[in-house]
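Everything on this sheet refers to the single structure shown next.
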Amino acid sequence: MRYIYKLFMIALALTLGACTDLNVKPEGSFGAAELFTNPEAYEQYLAKLYGSFSLTGQDGPHGNGDIGIVNDEGFTSYIRAYWKAQEITTDEAVLSWTDAGIREMHEHTWTSENQFVRVLYYRIFMIIAYSNDFLMQSTPEKLSDNGISQDWKDKIEIYRAEARFLRALAYWHALDLFRNIPLLTTITADLPTQVAPEVIFNFIVSELEEIEPIMVDPKLNEYGRADKAALWMLQAKLFLNAEVYIGQSKFTECITACNKVIGAGYALNNEYATLFMADNHTSNEIIFALNSDGKNTQSWGSTTFLVHAAIGGAMSDDIDVNGLPYPDEELNEYGVNGGWVGLRTTRTMVEKFGIDPSNPDDPRAIFFTEGQSIDIADIGEFTDGIAVPKYVNITSTGVLGSDGTHCDTDYPLFRLGDAYLMYAEAVLRGGAGGDATTALSYVNALRERANGDTSGNIIQSDLNLPFLLDERVRELYWEGTRRVDLVRYGEFTDQGIWPWKGAVAEGITTESYRDIFPIPASDLIANPFMKQNTGY
Amino acid sequence: MMNNNRTRFRMAGSRLKFGMLLVSTFMLIGSNLHAQERTVSGRVIDVSTNEGLPGTAVVVKGTTNGAVTDIDGNYKLSVGENAILVFSFVGYKTQEIVVGNQSTINISMEEDVSQLSEVVVVGYGQIEKKDVTGSIANIDTKEFNRGVITSPERLLAGKVAGVQITSNGGEPGGGSFIRIRGATSLSASSTPLIVIDGVPVDENRVAGGRNPLNFVNPSDISDITVLKDASASAIYGSRAANGVIIITTKSGESGKIKINYDGFYSVSTFIGDAGQLSPNNFRATVANKAPQRLNSLGNSSTDWVKEVTQPATGLKQMLSVSGGNDNHNFYTSVNYLKNDGVLKTSENNNVNLSLKYNGKLLNDNLKVKVNAKYGSIKNRFAANVMGTAMGFDPTQPVMDGNPETGGYYQWDVTLAPRNPVATLDLIDNRGENNRILGNIELEYALPFINGLSVKSNLSTDISNGVSRYLNPRLLNIHTGAAADSGRYSNYTDKRTSKLLEVYGIYKRELESIDSKIDVTGGYSWQGFEFDSEGYQVIRLENGFTEETPFNGTILEEEDSVFSENRLISFFGRVNYQFKDKYLLTANIRRDGSTRFGENNRWGIFPSLALGWRIMDEQWMESLSGVFSDLKFRVGWGVIGNQGIDDYLYLPLYTPSENDAQYQFGYNTDGSPRFVSMIRPNGIDPNIKWEETETTNIGLDFGILDGRVYGSVDYYIKNTTDLLSEIAFPAGITTGDVIVTNVGEMENKGIELLLNSTIIDKKDLQFSATFNIAYNKNTIKKLDNSNLPDFTGYEVGGISGNVGQNIQVLKVGYAANSFRMYKQIYDDNGNPVFGTQASMYEDANGDSVVTTLDRVINKSPDPKIMMGLTTNLSYKNFDLGLTLRSSLGNYVYNNVSSSQGFYGRITEGSGNNNNIHESSLATNFNTMQLFSDYYLEDASFLKLDNITLGYNKAFEQVNLRVYTTFQNVFTLTGYSGVDPEISNGIDNNIYPRSLSMLLGVSINY
């Protein structure tokens, strides 16, 4: 009997001992209170804010993705989604794939259920939410509470400015693409409502003004992080398009920003093509790039997408132009081990460079024409349309990238060449603070770099707005700016045609409400306060 | 009748017999004093055992004059003129015999099939079936499904009204889809809690495993109880919302040692037509629709589906030994089951061990139960190549001798599908699982308080899984891009669950107020841990082996995951009986779960049920000729669901892997400096229990002297705070798709169960059990979704295109209803192919056909499910079968929709694809994924299994030889291979097969 009593006493003791402890935590993850006493955590969080523009999740190239709203993590890459919205909706690019919604982008038939529109919207707002959380976790009060040293506090103050810059960048994209959006600056449980475009515009302007003194001076920040010049580029872009966003012109402000950039010590690359190569981090022209690395920064978006998707047809048939065997052709020519047989361009773009794509007038044309037709009978056939292997995973000295699948090439978001062209356009559009002669010299600087001499230079009378729109194609094609430019010129929808616009081979105009994209249906469902953009 | 079944009855019976002997003896002492005219004597035996039946009451009808049989079943009694003797014994059919001038009356007593005295196991105890107030179904060995069965739940398919058990395809040892009375949740689990010998078990898989329940040998199970409504299941609180399945394994019994051998050999074959074009038909179609591809066709004629399937064999060998005496008994068994799949290379090998000991110590005051179940399972997984086999160009050969590809024919095209035979042969995907569940149960009857006992249950459940996957370089020549040179992965999982329960039971008969009371109350602690680690290697060299995993290859990543959750509970139950007719059961459980935040951590789950044994009312006596049993039940309760992932309430930050870092500048040596990124998770910190409120009204009845008995139940279940993974408003928090509480869903239905003994002769017996259930599921509310043009949350991903969903969640409709275009048909009844506007109805009348014209139509859930089990025995032969039917379940034929269009022939850039034969009927040139042409009524009737057995008794040995056919036939109008698709999307499933087995069972 005693034995039995003992047994029950043990059971009772166990019972009371096990008690009611219900606090468990996974290994390898941390609560904020635990994490942010380590100052390096703020830097790692800042890396996430930057990395969210390149990568799709916490595991490269996929796995543990940030966004679950679409099935394919590769689609959730910011650069990939943003690039598609800016390029395959225009005359600059078509994409052969049949993923639901791809064709709608080129044909201007997208709906609020289009998954590529949806993923872009959610990625932009994810960056905004991450930034908001970062700013909430790194307030001076919290830093003090967490016992962060003064050295680190000084660094973190700059991190905070950069986080606000990245948030402003995301808001600019949201304003440009979706126009009628909520303004969120904290993590909240409340359902947000949309605000007028002016509110967003003014928010971006004031944020950039406030952080400008804190941002690191041009070229002095670590590579990959934004500095004052990046901020000025964002200002220039915002102001150049202000009429579109708020119906007021801000060309003077645009010129002011461009002048700051141009005066900051950047210089054009000698060779145009090296801007898009695996060692473009050495460029003195690129102001702000989104980093990639074949080994350490892997995704299916960014330049990995841009390099692979542009390869197909005779580029990967392992036969050279003379019909001789050429083993590993894609690897030797483009630094990757296979093409994804997707992206090409239309006749409309090709002709900006001259009539014959195999012998373009403008050397900036990086075209592949063998086996490719200039006209597109079927968007699904890679050989219809001229191929554009502009981005490659090989360095300027011919060294292959570190990985045959994932590319080392950084995505040049802002570069000096664009500042030159923005300056010229803002001057032509009547902005103060600049002059036409300087504008001409900037445009000719780009053309001289392209031609290697002054043979392609233009004269003052050639420099007009239509010329500049085309010049932007020649200089900036496939750099994610075409849709913005066409909208600013009023030629994206109800003016301007190109092959397959409006789902017709020869192209037709489309309705002007498509200058902005619809709010995704899923967000309207989740938030009944949200109103759809007019027309959708 | 199978022998196992008797074991059970005898067990229940032997305890009762002893009790009855005492009671009857006391009752009858006085009455024997009356002087009577003559004496009748005889022996009462159990017809099934031919042994004497002690304790049988023998009473002269209409008097209190009677006797009780002695230990050998003998009785002696004085009777008057025209006496009628009534022989009765609990659990047996009462018999009346006119004495006439007989002086010796020998009686064979038969078990009463209505089994009113049967004891059923419920949560934390057991109860006599007649006292049950909730909706409970109990199935024992006699009714279990037969055939190649690797896991316990398969024993139940088709047997219980309202319980849907669908195998997830025909994979050997594969898992099951289990629903009791419809799905109660959207994103949280809708799978019932499974309790094995008192231990709620972890139902999650480990690496390298198929069905986590395979560690239990189905032949070791003696019976299974299904708790369907809240009044029965609320004692399990937060995990009971989807019902509870209680599995009880066999015990030994007193008497001589019993040895049982059971073995079978089986052959399975793939049956059915996958629907791809034959080689000749394909050639003709290419000539007609894609003549430019004619010269790329091969000269072979390959039936790829045939090439990837095989007749598969299975073998079972099982030995069990059991025995004991009055105080101790044991049961032990060893089982080997090897079971190959009809898809080449798939295998399942199970070794199961089981040990059970029951003992009584300290003058029977201490009962000890020790239980251990062990399973060692080796699996080989076949790559699921059915879809590829159907779509692979049938004019190409299996082998072309190309040394570069290992002799297999392969397309020299980057994105082309791989030769399915090569895929099966070359991919080596194996797993090993070991799982042990052990528990010790102690029950101590406290000597100082009569009726009070204390029980404790300690258990450990450990499962280990290893998965090794090799996709060699040889298979990936030509694939280019990412997987260009193969992949190897190796993962090890460990799941552990520990349980401690202590509770008291107090039983008391309060004669003064004609009441019985039975109170149970206690505490439970259960913790679950999951540990996983592994690595992947990519870019394999030729000749890569597991022994040299890093030789010339790249280590892609090392993963390590650990998570845990805990449940702490207090529970109580009161069973109260008044006048043996009025029954009350009240349960309450308070559960605390680590899966919710501090404010929502604890939930209370109550239930109340009332039963009324109408049959025992005086005024029912006039109807006793009609009814042998009649009981009315009504129950209500609230139960919870916490079947979501761990930590979903907890704001956490996680660092990124090495291949997802971001460069910030350079190190001092000039190399790029990569910084790991930390990310906040996306969670709703306020998530809380999903709760299901159930009301159940039921009637149990027996008619024709218990020859027909059954029950009918009506229920309504309303789930609130539905846990669902939905899109959050963009930007408000650091996640887009988050698990949160979103709304309400209702299930209501009616169930009928009928058991009947149709023929009951000495040599010929025929019994049948039929069940039918109707269930209707409706989403009642989804938060924030009340916009008039809300199209519904999309669910149900399909193949054919990335990012396409075919089902929706929308208020007013069943969960996962299909949302599709209404196809327009021409005068000949063929679907129109052309522009979207000409093909589909403009459902909303806005004169354009857009995605808004997809209409919600039909659901994958069956409206009506039926099951019929019959057992026929004639002399030494027996024949049993199980028929199962499902009505009103719709299936989207994704195989047909994603492969049934001519454009698919040339879809690849250089390779040709075979197409589904539906294209010949539709003439679709392009893929029409959303045409409701592909939505089909998949109602079916299946003969699940039929067994013919021959039994022969020798002096010491009983021999049984039997043959079983499994999956014998399916009657359906569905055009795909198999209409039974649990989620309603028929897409590349592992084909189910027809199995034939021959077995022998020897009992010593």
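Every value quoted in this text rests on a predicted model; they were computed, and no experiment measured them. Within every chain, numbering begins at 1; the chains are lettered A, B, ... in the order of the sequence lines, protein sequences first and strands thereafter. Basis for what follows: all heavy atoms, side chains included, without hydrogens, waters or symmetry-related copies.
- Both the backbone and the side chain of A/I67 come within contact range of chain B, each with at least one heavy atom under 4.5 Å from a heavy atom of that chain.
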Inset, instruction - Give the C-alpha distance, both sets of side-chain angles, the deciding distance and a yes or no for side-chain contact (heavy atoms from CB on, under 4.5 Å) between B/I732 and A/D190. - result: CA-CA 8 Å; B/I732 68 169; A/D190 299 332; over 6 Å; no
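- Only the side chain of B/E598 comes within less than 4.5 Å of a heavy atom of chain A; its backbone N, CA, C and O stay farther away.
- Both the backbone and the side chain of A/I69 come within less than 4.5 Å of a heavy atom in chain B.
- Heavy atoms closer than 4.5 Å to chain B are found in both the backbone and the side chain of A/N296.
- With a 4.5 angstrom heavy-atom cutoff, A/E330 does not touch chain B via any of its atoms.
- When each of A/Y45, A/Y130, A/F134 is paired with B/Y653, the ring-ring contact (aromatic ring centres under 6.0 Å, His included) condition holds for A/Y45 and for no other.
- Residue contact with chain A, scored on non-hydrogen atoms closer than 4.5 Å, involves the backbone of B/P651 exclusively.
- Contact of A/A41 with chain B is made through backbone and side chain together, with heavy-atom distances under 4.5 Å.
- Using a 4.5 Å cut-off between heavy atoms, A/A174 does not touch chain B at all.
- Contacts between B/R673 and chain A at a heavy-atom distance below 4.5 Å involve the side chain alone, from C-beta outward.
- Of the two parts of A/T186, only the backbone, made up of N, CA, C and O, holds a non-hydrogen atom closer than 4.5 Å to a non-hydrogen atom of chain B.
- The number of heavy-atom neighbours closer than 6.0 Å to CD of A/E222, taken from other residues, nucleotides and ligands shown, is above 12.
- The two atoms that bring A/G57 and B/A660 nearest to each other are O-CB, 3.8 Å, heavy atoms only.
- No other option in B/G800, B/S593, B/S524, B/P655 has as many heavy-atom pairs under 4.5 Å with chain A as B/P655.
- Between A/A526 and B/A727 the shortest heavy-atom distance is CB-O, 3.3 Å.
- In this structure, A/Q298 CD and B/Q661 CD are separated by 10.5 Å, a value rounded to the nearest 0.5 Å.
- Residues A/Y223 and B/F664 place their aromatic rings such that the two centres sit no closer than 6.0 Å.
- The greatest number of non-hydrogen atom pairs below 4.5 Å with chain A, out of B/D736, B/T594, B/T654, B/T733, is found for B/D736.
- Contacts of A/L46 with chain B are made by both backbone and side-chain atoms, with heavy-atom separations under 4.5 Å.
- What you find for A/I187 and B/T734 is that their closest heavy atoms are CD1-CG2, 4.0 Å.
- Within a 6.0 Å radius of OH in B/Y666, more than 12 heavy atoms belonging to other residues, nucleotides or ligands are found.
- With sequence neighbours excluded, the residues satisfying side chain to side chain contact (heavy atoms under 4.5 Å, CB included) with A/S131 are A/L49, A/I127, A/R167.
- Proximity of a side-chain donor or acceptor of B/Q804 to a complementary backbone N or O of A/A100 within less than 3.5 Å is not detected.
- Side chain of A/D523 to main chain of B/A730: a donor-acceptor pair is present (N/O by atom type, distance under 3.5 Å, no hydrogens or angles).
- Between atom OH of residue B/Y662 and atom OG1 of residue A/T297 there is a gap of 7.5 Å, rounded to the nearest 0.5 Å.
- Partners of A/R123 according to the salt bridge (Lys or Arg N to Asp or Glu O under 4.0 Å) rule, which considers only residues two or more places apart in sequence or in another chain, are A/D66.
- Only the side chain of A/E113 has a heavy atom closer than 4.5 Å to any heavy atom of chain B.
- Side-chain atoms of A/N291 come within 3.5 Å of backbone N or O of B/Q663 as a donor-acceptor pair.
- In this structure, the portions of A/N64 lying under 4.5 Å from any heavy atom of chain B include both its backbone and its side chain.
- Counting only heavy atoms from C-beta outward, the side chains of B/M677 and A/L55 approach each other to under 4.5 Å.
- The parts of B/R566 that come within reach of chain A are both its backbone and its side chain, each placing non-hydrogen atoms under 4.5 angstrom from that chain.
- Of the listed residues (A/S299, A/G68, A/G224, A/S54), the one with the most heavy-atom contacts under 4.5 Å to chain B is A/G68.
- Screening B/I678, B/N681, B/L652 for a side chain to side chain contact (heavy atoms under 4.5 Å, CB included) involving A/S29 leaves a single residue, B/L652.
- Rounding to the nearest 0.5 Å gives a distance of 5.0 Å between NZ of A/K48 and CZ of B/R679.
- For a residue to count as touching a neighbouring chain, one of its non-hydrogen atoms must lie under 4.5 Å from one of that chain's; by this rule A/F36 touches chain B with the side chain only.
- Within 6.0 Å of the CG atom in B/N363, the count of heavy atoms belonging to other residues, nucleotides or ligands does not exceed 12.
- B/F562 touches chain A through backbone and side chain together, each having a heavy atom under 4.5 Å away.
- Neither the backbone nor the side chain of B/I726 comes within contact range of chain A; no heavy atoms are under 4.5 Å apart.
- At a 4.5 Å heavy-atom cutoff, the contact between B/E794 and chain A is made by side-chain atoms alone.
- Ranking B/G527, B/S676, B/P672, B/G797 against chain A, the residue ahead of the rest is B/S676, based on heavy-atom pairs under 4.5 Å.
- B/G731 and A/A129 make their closest contact through O-CB, 3.7 Å (heavy atoms, listed as atom of the first residue, atom of the second, distance).
- Side chain of A/Q115 to backbone of B/V802: a donor-acceptor contact under 3.5 angstrom is found.
- Counting heavy-atom pairs under 4.5 Å between each of B/E725, B/E564, B/R595, B/E501 and chain A puts B/E564 at the top.
- For A/V24, the parts lying near chain B are the backbone and the side chain together; criterion is any non-hydrogen pair under 4.5 Å.
- Ranked by heavy-atom pairs shorter than 4.5 Å toward chain A, the options B/T851, B/N801, B/V737 are led by B/N801.
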